[in-house]
Amino acid sequence: MAAPRAEVVIDLDHLRHNVAHLDGLAASADTMAIVKADGYGHGAVEIARAAVEAGATWLGSCSLAEALALRAAGLTVPILAWLDPPGTDYAPGVEQGVDLSVSSIAQLDDVAAAAARAGRTARVHLKIDTGLSRNGCPAAGWAELVERAARTRTVEVHSIWSHLAVADEIGHPATDAQAERFDDAYREAVAAGLDPRRHLANSAALITRPDLHFDLVRPGIAIYGLNPVPAPADLRPVMTFRSTVALAKRVPAGESVSYGLSWTAKADTNLALVPVGYADGVPRSLSNRMDVWLRGRRRPIVGRVCMDQVVVDCGDDAVAEGDEVVLFGPGDRGEPTAREWADTTGTIDYEIVTGMYRPRVARTYTGTRAAAGVGSGDGAGPAAEVTAHAATGTPR
């Protein structure tokens, strides 16, 4: 079988290690593994199964549709969905036992009505805006929201929650200010007759602010092995992006490469053509600014990144068609990393890995996992290797 032209390799053993490590850092709290956006580009269902195996007792998705896809795949641990547009029918989520986030009276009413249609109680998490100014109820409307929620028979309030804006900047005063507002919101909820659990800590706060772990922590980027804070954590990057050499050739000094002829060989050199480009997740802004790992060392991309291909300068070193090319990986061998790409292009590694969900990029899982059914209450089956499949948009 021919090797895929482009492939992301997802190491589930690394994922399990990261989840177990983070769960241990927050030993007094439950752990919600965030698997939104197709598991940050890693594959939500496979990541969710491995995370549950490693000790996560909750899953977090952005949309209700994402949560329902996890349920359809057999994941029965609690799942929180927190952002959908007005007019969303929450009844399927209530029927499937998906926890729903509520930030306004209107949302509370919509969820309560869905619960009535479903014939069962909806479990909700009331979100307070403590300073991020995105989703969440403003402080001025919080008292009314918690009082209404306490009186709504078809709704059970499980938690109150919020999201930190600058937890990745250690020592930033805004984090303490948000924590104080969160405490005020909790006291108001209790005064309204509720007895909610609390969750506030994202990956950064989980690592650096144990005082904010409360009842539940919500690691996202960290479970994928990418550390959001300048503090040590035993995390192992989960994704490797690789391809192969499609063509090797020798060109004389003075020959230029790719559109715009932005790079010219100063001496005779060997070039390797790699069949990946900006359609496959390689930012065009990395033209003449990136390396790959090829034949045991880093080598520079020369010329512009094209839609379908890049060119590597190999000097006088021999290179052959079919040789593996690693565009980014954990960095253990010296290969480029997703963080390096992000730093070079002025973005964050979240965007790099999430952006690898591409039609032409195959997704392969390595490491063993329990058979399908993890999280469904039927126990773990025999270990099995996970085989390659194309990222087609349909959860496996």
Side-chain angles (χ1 to χ4, degrees), residues 5-11 14 37 40-42 166 168-170 203-204 220-222 224-233 235-245 256-266 269 271-315 317 319 323-358 360-361 363:
R5 61 179 296 136
E7 178 182 39
V8 288
V9 182
I10 309 302
D11 191 324
H14 283 192
Y40 288 48
H42 294 67
V166 286
D168 56 340
E169 298 182 33
I170 299 174
S203 290
I221 195 66
Y224 304 100
L226 303 174
N227 191 342
V229 292
L235 301 174
R236 302 173 185 174
V238 173
M239 180 185 289
T240 294
F241 179 31
R242 68 186 184 187
S243 184
T244 56
V245 174
S256 299
V257 171
S258 200
Y259 291 126
L261 305 179
S262 61
W263 182 88
T264 301
K266 295 180 179 179
T269 193
L271 299 179
L273 182 68
V274 183
V276 294
Y278 58 77
D280 308 296
V282 184
R284 190 173 182 270
S285 58
L286 286 178
S287 298
N288 293 301
R289 302 169 67 199
M290 66 176 284
D291 295 334
V292 299
W293 186 260
L294 171 58
R295 288 237 168 171
R297 57 172 288 189
R298 292 173 68 118
R299 303 178 191 276
I301 293 292
V302 294
R304 290 183 185 168
V305 173
C306 302
M307 184 182 295
D308 312 304
Q309 52 203 293
V310 296
V311 178
V312 183
D313 180 22
C314 299
D317 292 344
V319 63
D323 283 348
E324 181 187 69
V325 178
V326 176
L327 291 99
F328 68 74
D332 297 339
R333 297 176 292 175
E335 74 273 21
T337 64
R339 173 64 58 83
E340 181 178 328
W341 278 26
D343 290 344
T344 303
T345 58
T347 185
I348 54 177
D349 44 18
Y350 301 63
E351 183 178 7
I352 299 300
V353 295
T354 304
M356 295 314 303
Y357 184 51
R358 304 273 176 158
R360 296 194 305 197
V361 178
R363 187 188 286 151

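Being a predicted model, the structure only gives us computed values, none of them experimental. These numbers come from the heavy atoms of this one structure, side chains and all, not from hydrogens, waters or symmetry mates.
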Before giving the answer on salt bridge (charged side-chain N to carboxylate O under 4.0 Å, His left out), spell out for R295 and D317 the whole-Å C-alpha distance, their side-chain angles and the decisive distance to 0.1 Å. CA-CA 9 Å; R295 288 237 168 171; D317 292 344; over 6 Å; no
Any side-chain donor-acceptor pair under 3.5 Å between T345 and S285? no
Test side-chain hydrogen bond (donor to acceptor under 3.5 Å, both in side chains) applied to R304 - qualifying residues, sequence neighbours left out: none
So, using side chain to side chain contact (heavy atoms under 4.5 Å, CB included) as the criterion, who are the partners of A265 when residues are at least two apart? W263, T269
Got a sec, which residues hit salt bridge (Lys or Arg N to Asp or Glu O under 4.0 Å) with R236, two or more places apart in sequence or on another chain? none
Residues in side chain to side chain contact (heavy atoms under 4.5 Å, CB included) contact with E335, at least two apart in sequence or another chain: W293, V326, P330, R333
Going by heavy atoms in the side chains, are L286 and T344 under 4.5 Å from each other? yes
Which salt bridge (Lys or Arg N to Asp or Glu O under 4.0 Å) pairs, counting each pair once, include a residue from residues 343-352, with sequence neighbours left out? R339-D349
Would you confirm whether S243, through its side chain, and R5, through its main-chain N or O, come within 3.5 Å as a donor-acceptor pair? yes
Listed partners of N227 passing side-chain hydrogen bond (donor to acceptor under 3.5 Å, both in side chains), at least two apart: none
Salt bridge (charged side-chain N to carboxylate O under 4.0 Å, His left out) between R363 and E7, intermediate numbers included: CA-CA 6 Å; R363 187 188 286 151; E7 178 182 39; over 6 Å; no
If the condition is side chain to side chain contact (heavy atoms under 4.5 Å, CB included), which residues does C314 pass it with, not counting sequence neighbours? N270, A272, L294, R299, V312, V319
Partners meeting salt bridge (Lys or Arg N to Asp or Glu O under 4.0 Å) with D168 (sequence neighbours left out): none
Step-by-step side-chain contact (heavy atoms from CB on, under 4.5 Å) determination, V292 to I301: CA-CA 7 Å; V292 299; I301 293 292; 3.9 Å; yes
Test side-chain contact (heavy atoms from CB on, under 4.5 Å) on V325 and V245 and set out the steps. CA-CA 7 Å; V325 178; V245 174; 3.7 Å; yes
List the steps and the verdict of side-chain contact (heavy atoms from CB on, under 4.5 Å) for V353 and F241. CA-CA 9 Å; V353 295; F241 179 31; over 6 Å; no
Contact list for residues 276-290, test salt bridge (Lys or Arg N to Asp or Glu O under 4.0 Å), sequence neighbours left out: D280-R360
Pair I221-Y40, side-chain contact (heavy atoms from CB on, under 4.5 Å): steps then yes or no: CA-CA 8 Å; I221 195 66; Y40 288 48; 3.7 Å; yes
Partners meeting side-chain hydrogen bond (donor to acceptor under 3.5 Å, both in side chains) with E169 (sequence neighbours left out): none
Using the side chain to side chain contact (heavy atoms under 4.5 Å, CB included) criterion, which residues pair with I170? Sequence neighbours excluded. T208, V229, P230, A231
With sequence neighbours excluded, what pairs up with D313 under the salt bridge (Lys or Arg N to Asp or Glu O under 4.0 Å) test? none
Considering only heavy atoms from C-beta outward, does the side chain of I352 approach that of T347 to under 4.5 Å? yes
W341 side chain reached by L327 side chain, heavy atoms, under 4.5 Å: yes
Just by distance, with hydrogens left out, do S262 and N288 show a side-chain donor and acceptor under 3.5 Å apart? yes
